[in-house]
Asks: 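Attaching a single structure in structure tokens format; questions to follow.
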Amino acid sequence: MGTTLKDLATHLGISAAAVSMALNGKPGVSDQTRDEVRRAADELGYRPNRTGQALRLNRTNTIGVYFPSTVMEYSLYFAEIMRGVVAGLADTELSPLLLPSAGETGNVRDFPDVDGVVVVEPHADDLGMFELLRSDRPTVCIDPPPASAAPPWGIVEADAPAATVDSLSHIVARGAARPGLLSIESVSEWSRTIDASYRDWCRARGIAPAVIAITARQSNEEILELLERELAAEPPCDGLFVSGDAVAPRIAGLLRTIGRAPEDGFPLVSGVDSTMMEFHTPPITAIDLNPYGYGMHAARMMATLLEEASRPAEPRVEKLPAPLVVRGT
């Protein structure tokens with residue numbers, strides 16, 4: 001059996017209450033006593049009873065992680081976020097807990113009790129996300145929620161407007177005059193911000209936007225028809241910024257079937273980087289959103305907000321860089 005709080009008190013010749021106040025940073029003991037208690041705790045190998053502490057503080061020491069319903073379609077990206085959350089909580093007493101999706105029902109009443117929730121990529125059609133943000137528990141969003149949702153305590157996001165401009169500038173530098181935007185969804189603020197940034201960029205240059213909206217489940221034949229329509233327009237779309245995750249390799253293959261292969265001079269940029277982009281032939285230029293970093297920063301922000309114990313007047317915002325990784329396309 002390890003050293004207990006009572007053992008420490010006996011060793012130091014002071015009350016157990018004084019030892020508890022010293023270890024928990026509470027007033028009522030001198031700085032000298034506090035230092036002596038902490039030194040003795042280290043020497044004797046004292047480890048606090050975290051379960052007991054959590055009960056006294058009405059805490060569970062768990063952080064819920066809520067993903068959108070598309071988690072299975074983009075499992076690699078979201079898995080990296082989860083890995084980052086785990087790493088971000090590693091030096092705390094907090095443990096992550098994966099929450100079920102309630103996107104269609106909004107029923108979060110039976111969710112496990114947690115101290116806070118990290119909401120990953122809030123989608124405007126996810127009813128569960130709205131309920132979680134409406135609650136009193138601390139919330140940190142990875143990417144901003146829609147304006148119609150209650151504000152979270154904190155937001156971790158990428159600089160999507162800058163990343164969009166960097167991508168379009170790269171496509172133009174590769175010879176395109178009318179780059180297009182291919183998007184796979186319009187329910188995340190990330191996608192909406194990219195769409196708005198793209199249209200602003202086109203407007204500033206007097207270029208007619210070429211927006212191709214597809215879905216993950218759409219057939220190759222349907223996507224080809226949309227691509228060919230824009231590529232045959234006047235002036236033609238002669239480069240593509242693909243804003244969805246894991247979509248660019250599929251689009252590259254379809255472009256080859258109509259004689260517009262990226263390796264033959266048709267510029268292509270992926271809005272989300274991954275090993276899939278790195279090892280594609282040719283390697284695809286992509287935005288490094290660093291999902292692992294997303295998760296880590298969100299977890300650390302949550303730990304900080306829990307220590308402060310009160311909702312900030314305005315959501316705390318941390319904007320992470322999203323550099324363009326230039327490769328073969």
Asks: Under the side chain to side chain donor-acceptor pair (under 3.5 Å) rule, what pairs show up with a residue in residues 203-215, not counting sequence neighbours?
Replies: D200-R203

Asks: Please round to the nearest 0.5 Å and tell me the distance separating atom CG of L254 and atom CG of L224.
Replies: 4.5 Å

Asks: So which pairs with a foot in residues 121-136 pass side chain to side chain donor-acceptor pair (under 3.5 Å), sequence neighbours left out?
Replies: Y66-D126, E121-H123, E131-R134

Asks: How many angstroms lie between atom CD1 of I63 and atom CZ of R137, to the nearest 0.5 angstrom?
Replies: 10.0 Å

Asks: Specify the closest pair of heavy atoms between R178 and A233, including all atoms of both residues, with the distance to one decimal.
Replies: NH1-CB, 3.8 Å

Asks: When you check the gap from the basic side-chain N to the acidic O, do E222 and R217 get nearer than 4.0 Å?
Replies: no

Asks: Salt bridge (charged side-chain N to carboxylate O under 4.0 Å, His left out): which pairs involve residues 282-293, sequence neighbours left out?
Replies: none

Asks: Give the intermediate values and the outcome of side-chain hydrogen bond (donor to acceptor under 3.5 Å, both in side chains) for residues D113 and T60.
Replies: CA-CA 7 Å; D113 192 21; T60 66; 5.7 Å; no

Asks: Once rounded to the nearest 0.5 Å, what's the spacing between atom CD1 of I155 and atom CG of D143?
Replies: 9.5 Å

Asks: Quick one: closest heavy-atom pair of A158 and A322, and the distance?
Replies: CB-CB, 4.1 Å

Asks: Should V65 and V117 count as side-chain neighbours, where that means a heavy-atom distance under 4.5 Å?
Replies: no

Asks: Before accepting this row, confirm whether a basic side-chain N of the pair R38/D42 lies closer than 4.0 Å to the acidic partner's carboxylate O.
Replies: no

Asks: Would you call P138 and L306 a side-chain contact if the rule is heavy atoms closer than 4.5 Å?
Replies: yes

Asks: Less than 4.5 Å apart, side chain to side chain, heavy atoms only: is that true for V140 and V119?
Replies: no

Asks: Would you say M301 ends up clustered with V317 if hydrophobic residues are merged whenever their side chains have heavy atoms under 4.5 Å apart, either directly or through other cluster members?
Replies: no

Asks: To the nearest 0.5 Å, how far apart are CG in D31 and CD in E36?
Replies: 11.0 Å

Asks: Can you confirm whether L289 sits close enough to W190 that some side-chain heavy atom of one is under 4.5 Å from a side-chain heavy atom of the other?
Replies: yes

Asks: Is M276 reachable from I284 through a run of hydrophobic residues whose side-chain heavy atoms are each under 4.5 Å from the next?
Replies: no

Asks: What distance do F241 atom CZ and W201 atom CH2 have between them, rounded to the nearest 0.5 Å?
Replies: 11.5 Å

Asks: Not counting sequence neighbours, which residues clear salt bridge (charged side-chain N to carboxylate O under 4.0 Å, His left out) with R39? List them please.
Replies: none

Asks: Decide yes or no for P68 and S101: does some side-chain heavy atom of the first lie under 4.5 Å from some side-chain heavy atom of the second?
Replies: no

Asks: For the side chain of Y198 and the backbone of L168, is there at least one donor-acceptor N/O pair under 3.5 Å apart?
Replies: no

Asks: Answer whether the closest heavy-atom distance between the side chains of L240 and P267 falls below 4.5 Å.
Replies: no

Asks: Do M277 and P249 come close enough that some side-chain heavy atom pair is under 4.5 Å?
Replies: yes

Asks: With sequence neighbours left out, what residues match R311 under salt bridge (charged side-chain N to carboxylate O under 4.0 Å, His left out)?
Replies: none

Asks: Give me each pair satisfying side chain to side chain donor-acceptor pair (under 3.5 Å) with a member in residues 146-175, each pair once, sequence neighbours excluded.
Replies: none

Asks: Are I212 and L227 side-chain neighbours, meaning at least one heavy-atom pair lies under 4.5 Å?
Replies: yes

Asks: My understanding is that only one of T92, D115, L89 makes a side chain to side chain contact (heavy atoms under 4.5 Å, CB included) with N61; could you say which?
Replies: D115

Asks: Quick one: pull up CG in L76 and CD in E80 and give me the separation to the nearest 0.5 Å.
Replies: 6.0 Å

Asks: For the hydrophobic clusters of this structure (ILVMFWY residues joined by side-chain heavy atoms under 4.5 Å, transitively), does one cluster hold both V187 and I184?
Replies: no

Asks: Do V85 and F111 belong together in a cluster built from hydrophobic side chains that touch within less than 4.5 Å?
Replies: no

Asks: Considering residues at least two apart in sequence or located in another chain, which fulfil the salt bridge (charged side-chain N to carboxylate O under 4.0 Å, His left out) criterion with R192?
Replies: E189

Asks: Start with the C-alpha gap between I14 and T33, add the side-chain angles, then the distance that decides, and say whether side-chain contact (heavy atoms from CB on, under 4.5 Å) holds.
Replies: CA-CA 9 Å; I14 59 178; T33 299; 4.2 Å; yes

Asks: Run through the side-chain heavy atoms of Ile, Leu, Val, Met, Phe, Trp and Tyr, join any pair under 4.5 Å, and report what else lands in M296's cluster.
Replies: Y292

Asks: If we ignore hydrogens and angles and just use 3.5 Å, is the side chain of S183 paired with the main-chain N or O of E185 as donor and acceptor?
Replies: no

Asks: Kindly check if the number of other-residue, nucleotide or ligand heavy atoms within 6.0 Å of CD (E228) is above 12?
Replies: yes

Asks: Dump the intermediate steps for side-chain contact (heavy atoms from CB on, under 4.5 Å) on V269 and V242, then the final yes or no.
Replies: CA-CA 6 Å; V269 172; V242 182; over 6 Å; no

Asks: Just jot down the salt bridge (charged side-chain N to carboxylate O under 4.0 Å, His left out) partners of E263, sequence neighbours excluded, or say none.
Replies: R256

Asks: Do you reckon L324 sits in the same ILVMFWY cluster as F266, going by side-chain contacts under 4.5 Å, direct or chained?
Replies: yes

Asks: Spell out, as yes or no, whether a donor-acceptor pair under 3.5 Å connects the side chain of S191 to the backbone of S188.
Replies: no

Asks: What salt bridge (charged side-chain N to carboxylate O under 4.0 Å, His left out) pairs are there with at least one residue in residues 296-309, not counting sequence neighbours?
Replies: E308-R316

Asks: Applying side chain to side chain donor-acceptor pair (under 3.5 Å), which residue pairs with at least one partner in residues 320-329 are found, sequence neighbours left out?
Replies: D273-R327

Asks: So which atom in P146 and which in P122 form the shortest heavy-atom distance, rounded to 0.1 Å?
Replies: CD-CB, 4.2 Å

Asks: Which heavy atom of L181 sits nearest to which heavy atom of S243, and what is that distance?
Replies: CD1-CB, 4.1 Å

Asks: Not counting sequence neighbours, which residues clear side-chain contact (heavy atoms from CB on, under 4.5 Å) with A40? List them please.
Replies: L8, H11, L12

Asks: Between R229 and E225, is the side-chain contact (heavy atoms from CB on, under 4.5 Å) condition met? List the steps.
Replies: CA-CA 6 Å; R229 184 184 306 163; E225 183 179 344; 3.6 Å; yes

Asks: How close do C237 and G239 get, heavy atom to heavy atom, and via which atoms?
Replies: SG-O, 3.3 Å

Asks: So among N290, I142, L320, which one has a side chain to side chain contact (heavy atoms under 4.5 Å, CB included) with H297?
Replies: L320

Asks: What heavy-atom pair brings S270 and G244 nearest, and what distance separates the two atoms?
Replies: OG-O, 4.2 Å

